[in-house]
Amino acid sequence: MLSSVQEKAMCNLCHGGKVVYHRVYSGEMLCRKCFVETFEKRVAKTIGRYGLLKRDDRIAVAVSGGKDSLSLLHVLKKIEKNFPQATLFAVTVDEGIPGYRDEALQYVEEVVQRLGVPLVKTSFEEAFGVPLNKIIESPSFKASGLAACSVCGPLRRRALNIAAKNAKATVIATAHTLDDIVQTYLLKAFRGELGSSDVGLRSEGPVIPRVAPFRLTPEREVVFYAYVVGLPFQTQVCPNASNTMRSPIRKFLTEFEEKHPGSLFAALKSFEKTSRTTEKNLNICVKCGEPTSRRTCRVCELLEMVTDTYHA
Ligand code: SF4
């Protein structure tokens, strides 16, 4: 929210446009044009600084229909124009959440059409033979004590990987923001897993690398970008959303950043200095053949746990 004084001020950068955004941590007061330009430049710089994308990549952009992923698709489509050898497509996963995912998919369709980006669709039904709503209704799921998100998350990542691999992607771009990345580092610290894997950085191996071009972009700015470039997006919350270990961390970090602007950038810097990735010994899952650090991967473990779903 801008104060009445800020609303009358002129942009710090071009000195001509009316202020629409106040970047509290840097003190910048920006007009619409300068906000969009600096936002997009930062994403391009993030990609260059961390080597997230290669000039000839085939990029699968994971889109859900929410503000973050559709903003990512929008900005990457612009950046892609400077890299004629690179190709880009959107990939989306229908978990099987009636009344929720169907609406999100409409936003995805609308934006890909507007941007002229090809869309690859997959679903839990296609990848695992069973939609999420059947899984969470099954007696074995109910008996497991698991939250819907604990099953949905790993299955969605796997479905995305399969679809990206089939479409010959060389990298998957996800819309994790600065806020998400710091939350993940903190979660890893609490689990004693710091250094077990990089968060949103490119690493080569048997799995298609996942990168986060919004690594240096606060979530608040992503929301504002979606708004100023006129992207339609889903605002409805998933009916299965549950409190996870991440929820209190997210709340704490959001409040802390509000009181102490710039803290998220400082935290990321510290994590990058102290978190050194150790080489992981990847095995091949004995059931599905996908790379895993265990004998049987988490996805197979989860599917086995809810096995009565298949016989319902
Ligand atoms: Fe899946 Fe949970 Fe996200 Fe809903 S909120 S789509 S259940 S991970």
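Indexing begins at 1, ligand by ligand and atom by atom, following the structure's order. Along the sequence shown, residues carry numbers from 1.
Scanning all heavy atoms of the two residues, the minimum distance from Glu257 to Gly262 falls at OE2-N, 2.9 Å. Leu52 approaches Val171 most closely through the heavy-atom pair O-CG2, 4.2 Å.
Looking only at protein N/O/S atoms, the ones less than 2.8 Å from atom 1 (Fe) of ligand 1 make 1 in total.
Defined by atom type and a distance below 3.5 Å, a donor-acceptor pair is missing between the side-chain atoms of Glu125 and Ser123. Side-chain atoms of Glu40 and Tyr225 form a donor-acceptor pair, as typed in the model, at a separation below 3.5 Å.
Residues forming a side chain to side chain donor-acceptor pair (under 3.5 Å) with Arg42 (at least two apart in sequence, or on another chain): Tyr25, Glu221.
Applying the 6.0 Å contact sphere to CZ of Arg295 captures no more than 12 heavy atoms from other residues, nucleotides or ligands.
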